[in-house]
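Bear in mind the structure is a predicted one, so any value in this text is a computation, not a measurement.
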Amino acid sequence: MKRTHHCGELRSSDAGTRVVLNGWVHRRRDLGGLIFIDLRDREGITQLVVDPAATAAEQVNTAQLLHDEWVIAARGTVRQRPGTMVNPQLATGEIEVVVEALDVLNRAAPMPFHLDDTTVAEDIRLRYRYLEIRRSAIARNLRLRHRVAKLVRDFLDALGFVEIETPILSKSTPEGARDYLVPSRVHPGAFYALPQAPQQYKQLLMVAGIERYFQIARCFRDEDLRADRQPEFTQVDIEMSFVDQADVLSVSERMLAHIAREILDVEVPTPFPRLSYTEAMNRYGSDKPDVRFGLELADLSGALQKSSFRVFRRVLDTGGCVKAISPQGLSTASRRTLDAWAGEVAGFGAKGLASLRVETDGSVGGQAAKFLSEDEKRDILGITAAAPGDLILIVADTPKVVHAALGHLRRVIARDQGLISPDRFAFVWVVDFPLLEFDDENNRYVAVHHPFTSPRIEDVPFLDSTPEKVRAQAYDVVLNGVEIGGGSIRIHDPGMQARMFERLGISAEESEDRFGHLLTALKLGAPPHGGIALGFDRLVMLLAGAESIRDVIAFPKTTRAACLMTGSPAPVDAHQLEELHIRCTTGVDADSQ
RNA sequence: GGGGGUGUAGCUCAAUUUGGUUAGAGCACCGGCCUGUCACGCCGGUGGUUGCGGGUUCGAGUCCCGUCGCUCCCGCCA
């Protein structure tokens, strides 16, 4: 029985048509004589009626055997339902199919969990991921993901971009995230690395004269997971020749606005707002600010420079800062709420959360008021622009801790107070990132973005004297407080690239060993170039309104980087290890060796 | 590596507060009844290593120690 229609498409205008439907038994209601079957396929649900008056006895017997999720084919005639029996909950609710023949294509054992129950423990759903996809929002997300991928391809194709695949078996580089390694059988003791990004390949494609490249590329990073981080994830990787930063930003934001328009029917104005890294940190305490709401940070350091409050004074005397956010109308927040917020900031290293209340008469009360002079209180009111009824929450610490703590707290309060309208999509560019930062642990400078990022030309003179002041031609695109992409204009001058490696403390020998192919290529006619990589999973997650990128990935891994469905990773035969010249020192294999 | 949440029947939960009879309910499953249901209904039944290991106790799902899974966050993620 070949299917003629999907389960979501029949309407009363189809009454009288003979149809064949295929699908899964969504639900069976056996009334003794009459049997109703909700038949489901990926497009919808249609009610079948097995009526002894219209259906052969043998087929009725078959219908009595059916259980949830059996796979069947049914032939019958579409019939308009009598008025009182129309089901307005169902797109096909005005009709039903009177069954004349029924084939069981496959039986199904009882389901291990209720497929419609969204509260089922995640490990059980992951073990039977195909069942979760069958009925949950995941299938809808995967189809959305497909549409976004197609929009990306069509958009970039129209602009002359060429989609090119780059190797998955790649080479380990010393900078960046921990690599996934693949042992080589034919080169004992040597390893491939899975790419953290196709970074070097795409630069080499620019040297190759491709000019406009893109790839929907799988990337691998062996770091600990989060709701928005998987060990393998997908980037929309883009690189262009003969461009400057403005060109890359323009192509990127036009593509993102196009996607928002097509997927969400939302018109996002371009160009997106630009914020410098410094401004983002100062105003939002984050390099990926959620700009859907205010609650910006106010700097109280100047006003409290001479404060007699020892907590603030000590921080300011040792190079720290004191900043505040002032949520409106929360002056009556309970002690319990304040404690909960103090707990939130404690996770970022803040030792406390001081609070002030602006009373209805404009006076300043609250837990920290007694430590402050009248002048200081007046200055704080001026800087924060807090009004009667507002609350002022203050953190004093190193800038890093203050920004992290208040940056987090403003998001928590905005979410709890409903300050975020769910249908807003606020894109923002963060630009002028520092090129380098000092790594205390290794006692050297490391690249904030990556070692191929070009400094701003006017800052190059400071590369040796004050490296942390050099700004990069690097940019991140942020959507609703989630970093969805980043890129840079690359170094195309071999001398500058060598100087960067030197600045990063990578010796000439090591840079030749690790990046020799790139340095050589830069000497052989490399055009100026730059690009961007968009986090495809995160983008689709936000478009889908999902809370984790697991919800937009067909077969995701757990926070321990395991696949509960297939059981990967798993031990392998001693024979396989031997071929690969590998011996395990710990773990499940070690004992047998 | 660190902190939080969580784990009782195939699934979702109750019993844990204050240790005390045979660990209950709904759904699923099995058997029976039912011709207009759409979460169909009604009657009956099966089903438990309370994640795992150890300890305290006359007695542990409940208290203690360890450990494992899932999850959220910090570190980490050029």
| message | If you go through the side-chain atoms of A:E223, does one of them form a donor-acceptor pair with the base of B:G75 closer than 3.5 Å? | response | no
| message | Using a 4.0 Å heavy-atom cut-off to protein, can you give one letter per nucleotide of nucleotides 2-16 of chain B, 5' to 3': B if the base is in contact, S if only the sugar-phosphate is, - if neither? | response | --------BBS----
| request: Confirm from the modelled atom types if A:R27 and B:C38 form a donor-acceptor pair under 3.5 Å, side chain to base only. | output: no
| message | As a test of reading the structure: which of B:G75, B:G69, B:C77 is closest to the side chain of A:D123, going by heavy atoms? | response | B:G69
| Thinking salt bridges, do A:D116 and A:R27 make one under a 4.0 Å N-O criterion? | yes
| With no angle test and no hydrogens, is the base of B:G75 tied to the side chain of A:R226 by a donor-acceptor pair under 3.5 Å? | yes
| query | Mind checking what makes side-chain hydrogen bond (donor to acceptor under 3.5 Å, both in side chains) contact with A:D222, not counting sequence neighbours? | reply | none
| query | A:D224 has a side chain; which of B:C29, B:C76, B:G36 sits nearest to it? | reply | B:C76
| Salt bridge flag under 4.0 Å for residues A:R514 and A:E175 | no
| task | Flag the pair A:E239 and A:R490 as a salt bridge only when some basic side-chain nitrogen lies within less than 4.0 angstrom of an acidic carboxylate oxygen. | result | yes
| task | Please list all pairs passing the ring pair (Phe, Tyr, Trp, His ring centres under 6.0 Å) test where one or both residues lie in residues 487-510 of chain A, with sequence neighbours left out. | result | A:F501-A:F515
| query | Under a 4.0 Å N-O cut-off, is there an ion pair linking A:R226 with A:E547? | reply | no
| message | What I want to check is whether an N or O donor and acceptor connect the side chain of A:D51 with the base of B:G36 at under 3.5 Å. | response | no
